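This report concerns only the one structure given below.
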Amino acid sequence: MAYSTAIDKKWQQKWEDADLYRFDESNLEKKLYCLEMFSYPSGANLHVGHWYNFGLADSWTRMKRLQGYNVFHPQGFDAFGLPAENYAIKTGIHPKDSTYANIATMERQLKTMGATFNFDYEVVTCDPTYYKWTQWIFLQLYKNGLAYRKNAPVNWCPSCQTVLANEQVQDGTCERCHAETTRRDLTQWFFKITNYAQELLDCLPDLDWPEKTKKIQTNWIGRSEGSEIAFDIADTDFSFRVFTTRPDTLMGVTYVVLAPEQELVNRIATDACRAAVEAYKDKVNKISEIDRLSTTKEKSGVFTGAYAVHPITGEKVPIWIADYVLAGYGTGCVMAVPGHDERDFVFAEKFGLPIPRVIQATGTEDDILPFTAYGKLVNSGEFDGLTSENAKKAIVEKLEKDNKGEQKITYRLRDWLVSRQRYWGSPIPIIHCDDCGAVPVPEDQLPVELPYDVDFAPDGESPLAKCDAFIRTTCPKCGKAAKRDVDTLDTFVCSSWYFLRYPNANNNMEAFNREWTNKMLPVDKYVGGAEHAAMHLLYARFITKALRDLGYLDFDEPFKSLVHQGTILGIDGQKMSKSKGNTVAPDDYIAKYGSDVFRMYLAFGFAYTEGGPWSDDGIKAIDRFVGRIERLIEKYKGQFSKKGPESGVYGEAEKELDFVRHTTITSVTTDLEVFQFNTSMARLMELTNALYHYDSGNTLNMPLISSVLRDLLLLLSPFAPHFAEEMWQQMGEKDFLFARNSSWPIADKTKMVKDEVEMAVQLNGQLKCRIVLPSTADNAAIEQTARNDAKVQDFLAGKQIVKVIVVKGRLVNFVVK
RNA sequence: GCGGACAUGGCGGAAUGGCAGACGCGCCGGUCUUAGGAGCCGGUGAGCAAUCGUAAGGGUUCAAGUCCCUUUGUCCGCACCA
């Protein structure tokens, strides 16, 4: 029977009946935890991206399985989140109903892929049996000071009607709906990810992750070394600190600037300036992030009327406020050195502030202001003549003595804002009591269940706030009437620990069992999109480290090894989207060609980490390839031999075919190991071509043909599991190809030695001709053979040989004059 | 503006510093056939040739797609970060 979806179904059923891919919990010696980023249960059907991610990661695990690994390969759903809620608002279908319906469909679809998923460990984040533990984790963080509530200016998406984490704002727009975000002062829940800024950086070098992703995290964390310097405010008891990376320019400070949102501003503004300060703050508050970005170059600000005291000279310098100083970075206050900082320079010029020079160029560089490079100090009193490097030390040392400054490291990373004003998420397990304040829900009362009947039309307030039955409760501490927290958790909280839950999916006593989890994790191979570099992947690392410090885990990093798949584009090279009408529906192709052909095309047609545009011609090519193998098997049906390949006639053709077989084993194994699916497939095509080539006279011995075909099927099986099983059976095998005692072929090095090799002969590195010689020849013999060659003698005639380079098995290079 | 990645036939894409273009598509030819849009076999970077060819220019090296510098272009990340 020719390969088709009927064959897919046949083997899926047989595998399921035999429970072939069950994870063996009793023996973790060769456990391998392979995980793909779980999917959001959106529309009905799996899209090409799912197949590309799940299907090919599955191919990798299938090789590992045949290599004897006990593979843990779970699946689940990141099921809370806005799309279901927005869909509900549009259609009236409750998020819970649509989500579970979608999950059912996707599960069915996932099964048609014929992957090795361990569905008996499935995790669904919107299920109370899951979010109970999300809430539990929240409480552990809260009880240990890693979750806190504060009023702060936060990012607000007016379209989604909720706050967003910094990571979810991209170019001043919402990462989900791309609406312009604004700022709002709100009391929100945060996780103290900044406590882990340094460790999150320190662990990066040892991770087997794409360098690009590590770089993104490094930049996002944004470590900056500098100093904090204290300034007193003249004629008051107030003082503030600035962060600077250039303490060497301290003597050039002519004013200081506070962020408009800085808390001191109201207290220090003089009566004369108060109105202007208020007006400016108002103005800044109103403009959106986008406008704030687009007005980048035009500096604005107002004088507060107050003065700060220079910590070394004691001079008074004016205190301004300006929106070029960010409240959330450093201390929200900067010392302005207009002579040596671009921004301060522009600002000082605009407002007529003095611009002295305190650093002189040492070399022949330009010496115009602002001069931002390092140099030698001038106009700096006792520090004159020092280099910038030395002055940094000297100035900070002096400040330290007076208790007015010290070295300081600042990070760009902010605490993670986790509360959301939306319905479809995990409730926050906190009760607000007038007397006792924020009180955690006792753990034995978890989960705080999300009520079903809620009016979730967004109006900027949490939908749960309108649900009396939910809010009203009693204080666990004092027993008086109290109110539940009405916000829900960012879905990234749910996804920041799901990899811990998988091995514990059926544990209803605890989120995860410490001992078991320490054995099952970290995840050995994690496969998913690069778009999560600064969000999910950072949050998951943080949660892992936090849980470790709270004593629940013994490892530092959740994902040892990470691979990002690329994106499959439409035929037009554009991102697939319904509105562009360029989507490729896997189902249509699978119905026509079968799931294995679909998967093999994805494997072969792209560099895995790059992706690229879909091509119908490409998939036809794979269909042809499958046919070629089918016809080979068909041709020899009934004649297959179980004998070793060495029995029977073993001539030149046999030897060469065997050579190709063993080199194919070698390269498919190494390429598949590192997710180079396209070259693995190319090698399999070569082996198939070789079978046709040497088989043309039909003189090959059957034991060899049979053995090579069996190896071909084994090597192909990760990409075409159903097809390989079917062919395996047609070859007369009784057990499954994927039987637990099957094994991945191992190359025989002795079969990979050729009697003769062809080598290139170069003249000054330029290819001139080729010579054939015994592969055992040593360098001297190789050189001699080359010299004796008639053609070589021709082009060497009349030239003086300066040097001869011999690279064994590759080339001889004559360096001549 | 800063930082990073990338640039190879008509196309998708291969090449531990060592014979560029594996493998596939497309195209051309052969074969089989009543027929071929099936199958099988062969050819296919450019050029009549010597030679020339990996975005452009320079450099290191016996040898560069690969390493270094400059430029251009594309993509990504960050962006008034003090």
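Numbered from 1 within each chain, the chains take letters A, B, ... in sequence-line order. The shown structure was predicted, so the numbers you read here are calculated from the model rather than taken from an experiment.
- OP1 or OP2 of B/A82 lies within a sub-4.0 Å distance of a side-chain N or O belonging to A/S224.
- Taking the C1' atoms as reference points, B/G18 lies 22 Å from B/G13, given to the whole Å.
- Relative to the ring axis of A/F659, A/K754 places its NZ or CZ within 45° and under 6.0 Å from the centre.
- The nearest whole Å value for the distance from the NZ atom in A/K212 to the P atom in B/A5 is 10 Å.
- Contact annotation: side chain of A/R246 to base of B/A82, donor-acceptor pair absent below 3.5 Å.
- Cation-pi check for A/R541 over A/W220 is not met; the charged atom does not lie both under 6.0 angstrom from the ring centroid and within 45 degrees of its normal.
- Distance check on atom P: B/G10 versus B/U51 gives 23 Å, rounded to whole Å.
- Comparing B/G26 with B/G17, their C1' atoms sit 33 Å apart, to the nearest whole Å.
- A gap of 36 Å separates the P atoms of B/C48 and B/C62, to the nearest Å.
- Other residues, nucleotides and ligands contribute more than 12 heavy atoms inside 6.0 Å of the NZ atom of A/K799.
- Nearest to the side chain of A/K299, among B/C23, B/C80, B/G39, sits B/C80.
- Counting only heavy atoms from C-beta on, A/R624 has its side chain closest to B/G39 among B/G39, B/A22, B/C19.
- Of the two residues contacting RNA chain B, namely A/D671 and A/Y329, the nearest-nucleotide position lying further toward the 5' end is that of A/D671.
- On a pure distance criterion of 3.5 Å, no polar donor-acceptor pair joins the side chain of A/R810 and the base of B/C19.
- OP1 or OP2 of B/G24 sits under 4.0 Å from a side-chain N or O of A/N689.
- The side chain of A/R628 has B/C41 as its nearest neighbour among B/C19, B/A82, B/C41.
- For A/D617 and B/C25, a side-chain-to-base donor-acceptor distance below 3.5 Å is absent, hydrogens and geometry of angles not being considered.
- Rounded to an integer number of Å, the gap from A/H564 NE2 to B/C6 P is 15 Å.
- Per the geometry, CG belonging to A/D616 stands 14 Å off C1' belonging to B/G26, to the nearest Å.
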- Per-nucleotide pairing state of RNA chain B [Watson-Crick or G-U, under 3.5 Å; [ ] pseudoknot-crossing; | other strand]: (((((((..(((.....[....)))((((((.......))))))((....))..(((((..]....))))))))))))....
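- Nearest nucleotide to the side chain of A/L811, out of B/A14, B/C23, B/G18: B/G18.
- When the nucleotides B/U51, B/A22, B/A82 are ranked by their closest atom to the side chain of A/E686, B/A22 comes out on top.
- Of all nucleotides listed (B/G3, B/G18, B/C80), B/C80 comes nearest to the side chain of A/Y324.
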- Message: Evaluate A/D344 against A/Y324 for side chain to side chain donor-acceptor pair (under 3.5 Å), listing each step before the verdict.
- Response: CA-CA 10 Å; A/D344 298 344; A/Y324 81 89; 2.8 Å; yes
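- With distances taken from any side-chain atom of A/L767 to the nucleotides B/C19, B/A82, B/C23, the minimum falls on B/C19.
- Distance from the side chain of A/A607 is smallest for B/A14 among the nucleotides B/A14, B/C19, B/G26.
- Closest approach to the A/A682 side chain among B/C23, B/G18, B/C78 is made by B/C23 (side chain taken as heavy atoms from C-beta onward).
- Among the nucleotides B/G18, B/C23, B/C40, the one closest to the side chain of A/Y692 is B/C40.
- Put simply, CD1 on A/I216 is 5 Å from C1' on B/G77, counting in whole angstrom units.
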